[in-house]
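I have placed the structure first, in the form of structure tokens, so that the comments after it can refer back to it.
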Amino acid sequence: MKLTILGGGGFRVPLVYGALLSDRGEGRVTEVVLHDLDDSRLYAVARVLAEQAATVPDAPKVTATTDLDEALRGADFVFSAIRVGGLEGRANDERVALAEGVLGQETVGAGGIAYGLRTVPVAVDIAQRVARLAPDAWVINFTNPAGLVTEAMSRHLGDRVIGICDSPVGLGRRIAKVLGANPREAFIDYVGLNHLGWVRGLRVAGRDELPRLLADPDLLGSFEEGKLFGTDWLQSLGAIPNEYLHYYYFNRETVRAYSEVERTRGAFLRDQQDRFYDEMKRPDASALTAWDRTRAEREATYMSENRETAGAGERDADDLSGGYEKVALALMRAIARDERTTLILNVRNQGALSVLDADAVIEVPCLVDANGAHPVAVDPLPDHATGLVCAVKGVEREVLAAAENGSRATAVKAFALHPLVDSVNVARRLVEGYTEVHPGLAYLK
Ligand code: G6P
Ligand code: MN
């Protein structure tokens, strides 16, 4: 079985390869094709993968190419993990937004819109090529903003594209753990958009255990989301929000914290990864050691500004292992080998969340089998959450429209309608600022 990874020179590719190495089952991936625009990044990542494979018998064969069509032909699965504009682009997304006093996070608010505007045209081109060259392939989209990008691709690939994120899985795992439940036996009642969802229940053997957690301030305060949001707020909500909702519920504090840092997250990662890829040019360097050290530092500093404003302290050791590669592997196995399972994924709604139309990509528990991911019907969200979901989906639709019609006015509308952008004038200046720094937005006229 052939897996093609777009963005194959990306820093997190060794996580995926590590997951593949642990898969010994019949029908596993035997061939990995890395595609990237940048040869030296491919070379660096291939070095890490070679060291990972050194001690493993029958490791999947790895090849690398800068030819997209060649990479796609004959693929059974395509992982799309691209970063249009690189980490320099991410740092610019943050800088331009913060200069206007709004959030520049890569998936939330103004930064997410800017990133979406330059990523959607590239993702659509990929989707069209997949439809032509590998029409039977399944596409698993990791590219952020993952919900929006998945929706853009679904217009060309239908339900053959599935978006993934590890944050709902991590959240479900943490809640199960504090409740003393086995995450594999628990059904996590979670729904929303990517990075904008809520856990409303956790059912084990038909019994909802979440009320027990919400009633117990000690338990509530003992894990990441409890520390981030505070027990009072979680009790008021009666649900556990995805960590990215911290940018909404504590917007003023997070914007201030991000404005005060010496280097934003994107700038930090840009510098950190520049060092890693430079180091990989030295033939004597141990690739795996350098990669592991860099990864650990990245994990430890994840959302550190948010945690600091909340006084949440360090991350729990259990939360440092990421996990998106595990979701990707579980998804691929479920489809390729009909290993039926339930996963929280980004798929077309198809009636699961009645307030949105059938084609809207949402993040929701899905039953996955050889026929793909089937969202389960969920209870409606409370009004305040429905309001946010609908507002942000409306913004995403404007981003998709702008990418299609190339209109600046539509791009302004996308920014202006976002709940975290507080003036149409700010939206206008954001479009000015972003088009100045991003060559990938030159299509906006
Ligand atoms: C979480 C999010 C991902 C994000 C990742 C890395 O897993 O769900 O969408 O890509 O963190 O974040 P970072 O700030 O390290 O790039
Ligand atoms: Mn994510």
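Whatever order the structure lists them in is the order used to number ligands and atoms, beginning at 1.
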**Request:** Just jot down the ligand 1 atoms closer than 4.0 angstrom to any heavy atom of Arg90, in number order.
**Result:** 13 (P), 14 (O), 16 (O)
**Request:** Would you verify whether the NZ or CZ of Arg41 falls within 45 degrees of the ring axis of Tyr277 while also being under 6.0 Å from that six-membered ring's centre?
**Result:** yes
**Item:** Distance-only side-chain donor-acceptor flag, Arg265 / Thr301, under 3.5 Å
**Value:** yes
**Message:** Quick check on contacts: which atoms of ligand 1 are under 4.0 angstrom from a heavy atom of Asn144?
**Reply:** 3 (C), 4 (C), 9 (O), 10 (O)
**Request:** Could you see which bit of Arg295 sits under 4.0 Å from ligand 1, with heavy atoms only: side chain, backbone, both or neither?
**Result:** neither
**Charged N-O contact under 4.0 Å between Asp278 and Lys281** = yes
**Request:** Can you label the angle between the Phe415 ring and the Tyr434 ring as parallel, tilted or perpendicular, going by 30° and 60°?
**Result:** parallel
**Nearest protein heavy atom with distance in Å, relative to atom 2 (C) of ligand 1** = Tyr244 OH, 3.3 Å
**Request:** For ligand 1, indicate whether the residue Thr107 contacts it via side chain, backbone, both or neither (heavy-atom separation under 4.0 Å).
**Result:** neither
**Request:** Have a look at His195 and say which of its N, O or S atoms is nearest the Mn ion (ligand 2).
**Result:** NE2
**Request:** Indicate yes or no: does an N/O atom of Arg83 lie under 3.5 Å from an N/O atom of ligand 1?
**Result:** no
**Complete:** re atom 6 (C) of ligand 1, the protein heavy-atom contact at minimum distance is Arg12 NH1, 3.8 Å
**Request:** Answer yes or no on whether Arg315 is positioned over the face of Tyr302, meaning its NZ or CZ is under 6.0 Å from the six-membered ring centre and within 45° of the axis.
**Result:** no
**Prompt:** For ligand 1, which atoms, with element, lie under 4.0 Å from some heavy atom of Arg265?
**Reply:** 13 (P), 14 (O), 15 (O)
**Message:** Please check this pair: side chain of Arg47 against backbone of Met280, looking for a donor-acceptor N/O pair closer than 3.5 Å.
**Reply:** yes
**Asked** Is a side-chain N or O of Asp189 found less than 3.5 angstrom from the main chain of Arg200, in a donor-acceptor match?
**Response** no
**Prompt:** Which of the atoms in ligand 1, numbered in the order shown and given with their element, are less than 4.0 Å from a heavy-atom of Asp166?
**Reply:** 1 (C), 2 (C), 7 (O), 8 (O)
**Prompt:** How close do Arg173 and Asp319 get, heavy atom to heavy atom, and via which atoms?
**Reply:** NH2-OD1, 4.3 Å
**Fill in**
ligand 1 atoms nearer than 4.0 angstrom to some heavy atom of Arg298 are 13 (P), 15 (O), 16 (O)
**Item:** His195 and ligand 1 - part of the residue with a heavy-atom distance under 4.0 Å
**Value:** side chain
**Glu94 side-chain N/O to Gly266 backbone N/O, donor-acceptor pair under 3.5 Å** = yes
**Asked** Atoms of ligand 1 less than 4.0 Å from Cys165 heavy atoms?
**Response** 8 (O)
**Request:** Identify the protein heavy atom lying closest to atom 12 (O) of ligand 1, giving its residue, its atom name and the separation to 0.1 Å.
**Result:** Tyr302 CE1, 3.5 Å
